[in-house]
Each structure stands twice: as structure tokens, then as C-alpha cells.
Amino acid sequence: MAREVFDELKPRVAALARHGVTPGLATVLVGDNPASRVYVRNKVKACAEVGLHAELHELSADATQDAVLAKVTALNGDAAIHGIIVQLPLPARLDAQKVLQSISIDKDVDGFNWSNLGALVDGHPRLAPCTPLGVMVMLDRAGVPIEGRHAVVIGRSSIVGKPVALMLIARGATVTVCNSKTPDLAAYTRSADILITAAGRAKLVTGAMVKPGAVVIDVGINRLPDGKLAGDVDYDGVKAVAGSISPVPGGVGRMTVAMLVANTVAAAERSSESENLLSAG
Ligand code: NAP
């Protein structure tokens with residue numbers, strides 16, 4: 001599915017190129033978190049695959065809040081850059097919200113700016129968060145009906161749980177959002193036609209917690225003691241019960257990267273339209 005998304009983006013990138021525009025994504029990486037480095041590398045690789053310009057701006061782990069804000073401000077004003085992401089997590093001493101909110105709403109391709117999240121709440125999304133968007137595209141491309149179905153989301157973060165719940169509500173699902181305080185989680189998950197897990201707890205969801213035939217999308221990424229990656233779902237146990245299930249790795253993660261590229265292309269198109277480049281033919 002991610003490959004299909006990339007193939008569909010290529011003609012749009014070519015149309016922009018005819019007007020002298022190459023969509024540009026800038027990633028700001030503070031410090032030397034090894035997992036962040038892997039994520040950033042995958043994003044840069046995906047941009048290259050579709051013909052985007054990608055820049056990595058690295059700041060040392062002891063960079064000041066002002067230095068990070070100055071970097072974002074410079075990128076906000078850079079005409080070659082249409083999308084900006086600040087790789088999370090930031091070192092704990094930095095104010096991550098302040099940094100994220102400093103990204104121009106037109107270049108906020110992670111969709112974390114309160115203005116873009118507010119547009120999503122109101123049912124008029126502009127740039128929407130990539131992981132929830134990827135989940136919705138997966139459901140649509142798999143032909144999963146959403147309207148009138150019961151969707152259960154495990155997790156209520158602003159990055160995954162809440163925005164995916166909003167997207168499902170907008171599509172007419174009946175949505176239950178669970179969190180770490182939810183008593184008897186299984187009582188909810190067992191009634192889900194669509195189950196989306198974004199808790200960050202390996203093997204949280206077992207086969208006994210899933211309704212036969214349900215669609216299960218696993219957003220979680222957990223590092224097991226043996227170093228391997230796993231989702232929130234006991235994959236083999238749930239696969240035996242579910243109608244369909246997404247794997248970790250190789251599932252939502254790839255779609256998230258595809259949506260980041262898609263958001264950057266959309267931001268470049270919007271910026272070109274506002275300059276009348278595309279509408280002039
Ligand atoms: P987060 O901010 O830590 O939120 C986790 C949510 O899960 C919280 O709302 C928490 O409840 C809830 N939760 C934790 N344990 C639970 C339990 N036992 N039962 C029910 N709910 C529980 O994490 P996040 O940023 O949303 O990310 C969630 C997971 O998705 C992580 O594993 C992350 O690595 C992964 N992720 C993957 C991608 C991707 O591209 N595939 C992108 C983003 C995130 P409380 O609010 O009550 O604490």
C-alpha cells in the first residue's frame with residue numbers, strides 16, 4: 001500500500017517540477033537517539049524515492065531551546081522547504097510543545113500544530129498527523145467499511161489515539177477510546193469491528209480479546225528484551241481470530257512515512273497554488 005501511495009505521488013511531483021518546484025522536507029534532529037536516527041534515515045530515503053528534496057538539520061544533544069527555535073524559524077522562511085518535522089523525542093530539558101508550535105502551520109507536515117489539530121476536530125483537516133492518516137488509508141485500501149461500525153482505539157495521545165478517533169468519528173464509526181485507566185479493556189475490545197492499538201505495550205492484545213473477523217491495526221512499536229521489534233498485539237494469537245491484521249514491523253510504520261511524503265507534496269502544491277503557479281497551467 002505504501003508503494004501504491006508513492007506511485008500515485010510521482011505524477012504530482014512531476015507536475016510541480018514542470019513549474020520549477022521540488023517539494024522539500026526538512027527534518028530537525030536534536031541529539032543522537034539511535035532509534036530517531038533510523039526513523040529519520042527512512043524518511044529521507046522515502047523522499048528520495050519519490051523525487052523530493054530532503055534536508056537533515058542536526059543539532060547537538062546540548063543545543064539550547066533558543067537554538068532549536070532559531071533553526072525552525074529559519075526553515076519557516078526558507079522557500080525551498082515545504083514541510084518541517086522535528087524528530088521526537090526531544091531531550092527532556094527542551095520544551096517540545098513550544099518547538100512544535102513554532103513550525104509554520106503551512107509547513108507542519110506532522111500535523112501536530114494546534115491549529116491543524118483544531119481543523120481536524122472541526123472536520124476540516126488541512127495537514128493531518130501522519131500515523132492516524134496512514135491507518136485510515138490502510139482501512140480504505142483494504143476495503144474495510146467504517147460507517148456504522150464499532151471502532152475501539154487503545155491510546156489517547158495527541159499523536160495517534162485522539163486524531164485517529166476523530167478521523168473515525170468523521171467517517172461515521174461509533175468510537176470508543178480506551179486508556180491505561182480503562183477497567184476490563186477486553187470488554188471493549190471484544191465488541192470492536194475495527195481495533196486500533198496505540199499503547200506501546202507488547203502483547204497487550206491477545207486473541208481472546210478480539211472479536212472473530214475483526215480488523216486489527218497495530219500501531220505500537222516496542223523493543224523486546226531480545227532486541228526485536230513488536231507491536232501491541234500478540235500477532236500469532238490474534239491472527240487466528242481476526243479477519244485481517246497489520247504486522248509490526250512492516251505495517252503502520254511504512255504507511256506513516258508514506259503519509260509524511262504525501263503531506264509534503266500537498267504542502268508544496270498548496271504553496272504553489274497560492275503563488276498561482278499550478279492554476280496558470
Ligand atoms: P503515548 O503517548 O505513550 O500514549 C500511549 C497511550 O496508550 C496512552 O493514552 C496510555 O494511556 C495508553 N495505554 C498505555 N498502556 C495501556 C494499557 N495497558 N491499556 C490501555 N491503554 C494503555 O504513545 P503514542 O505516542 O501514542 O504511541 C503509541 C505507540 O505507537 C508507541 O508504541 C509508539 O512507539 C507507536 N507509534 C508508532 C508509530 C508508527 O509510525 N508506527 C507512530 C507513532 C507512535 P494513558 O493516557 O492513560 O497513560
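Order of appearance sets the numbers: ligands from 1, and atoms from 1 within every ligand. It should be emphasised that the depicted structure is a prediction, and the values quoted were computed from it without experimental measurement.
- Looking at atom 28 (C) of ligand 1, its nearest protein heavy atom turns out to be Ala198 O, 3.3 Å.
- Protein heavy atoms are found inside the 4.0 Å sphere centred on atom 48 (O) of ligand 1.
- Of the N and O atoms on the side chains of Asp66 and Thr64, not one donor lies less than 3.5 Å from an acceptor on the other residue.
- Taking a 6.0 Å sphere around OH of Tyr235, one finds it holds more than 12 heavy atoms contributed by other residues, nucleotides or ligands.
- The closest protein non-hydrogen atom to atom 24 (P) of ligand 1 is Ser157 OG, 3.6 Å.
- The protein atom (non-hydrogen) at minimum distance from atom 42 (C) of ligand 1 is Thr131 OG1, 3.1 Å.
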>> Set out, in order, the CA-CA distance, both residues' side-chain angles and the distance that settles side-chain contact (heavy atoms from CB on, under 4.5 Å) for Val99 and Leu69, then state yes or no.
In response: CA-CA 6 Å; Val99 172; Leu69 290 173; 4.3 Å; yes
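- Here the protein heavy atom with the shortest distance to atom 18 (N) of ligand 1 is Leu204 CD1, 3.5 Å.
- Each of the following atoms of ligand 1 lies closer than 4.0 Å to a heavy atom of Thr256: 39 (C), 40 (O).
- When the shell of 6.0 Å around CZ of Arg3 is examined, it contains 12 or fewer heavy atoms from other residues, nucleotides or ligands.
- Of the protein's non-hydrogen atoms, the one nearest atom 9 (O) of ligand 1 is Arg156 N, 2.9 Å.
- Heavy atoms of Val219 approach ligand 1 to within less than 4.0 angstrom.
- By the 4.5 Å heavy-atom criterion applied to side chains, Met136 and Arg171 are counted as neighbours.
- Ranking the protein heavy atoms by distance from atom 12 (C) of ligand 1 puts Gly155 CA, 3.9 Å first.
- A side-chain donor from one of Asp218 and Thr197 sits under 3.5 Å from a side-chain acceptor of the other.
- The shortest distance between side-chain heavy atoms of Val153 and Thr176 does not fall below 4.5 Å.
- Checking Asn179, Thr182, Thr197, Ile217 against atom 19 (N) of ligand 1, the nearest heavy atom belongs to Asn179.
- Side chains of Ile159 and Pro129 form no contact here, defined as non-hydrogen atoms less than 4.5 Å apart.
- Less than 4.0 angstrom separates some heavy atom of Ile154 from each of these atoms of ligand 1: 20 (C), 21 (N).
- Considering only heavy atoms from C-beta on, His53 comes within 4.5 Å of Glu55 through its side chain.
- Regarding atom 15 (N) of ligand 1, its nearest protein heavy-atom neighbour is Arg201 NE, 3.3 Å.
- Around atom 10 (C) of ligand 1, the closest heavy atom drawn from Ser180, Gly134, Gly161 belongs to Ser180.
- For atom 13 (N) of ligand 1, the closest non-hydrogen atom of the protein is Ala199 CB, 3.8 Å.
- Evaluated by nearest non-hydrogen atom to atom 31 (C) of ligand 1, the leading choice among Ser158, Pro163, Gly200, Pro129 is Gly200.
- Close approach to Gly253 involves these atoms of ligand 1, each under 4.0 Å from a residue heavy atom: 40 (O), 41 (N).
- Sparse packing is recorded around NZ of Lys45, with 12 or fewer heavy atoms of other residues, nucleotides or ligands lying under 6.0 Å away.
- Below 4.0 Å from some heavy atom of Lys181 lie the following atoms of ligand 1, by number and element: 47 (O).
- Using a 4.5 Å heavy-atom threshold, the side chains of Val28 and Ile85 count as separate.
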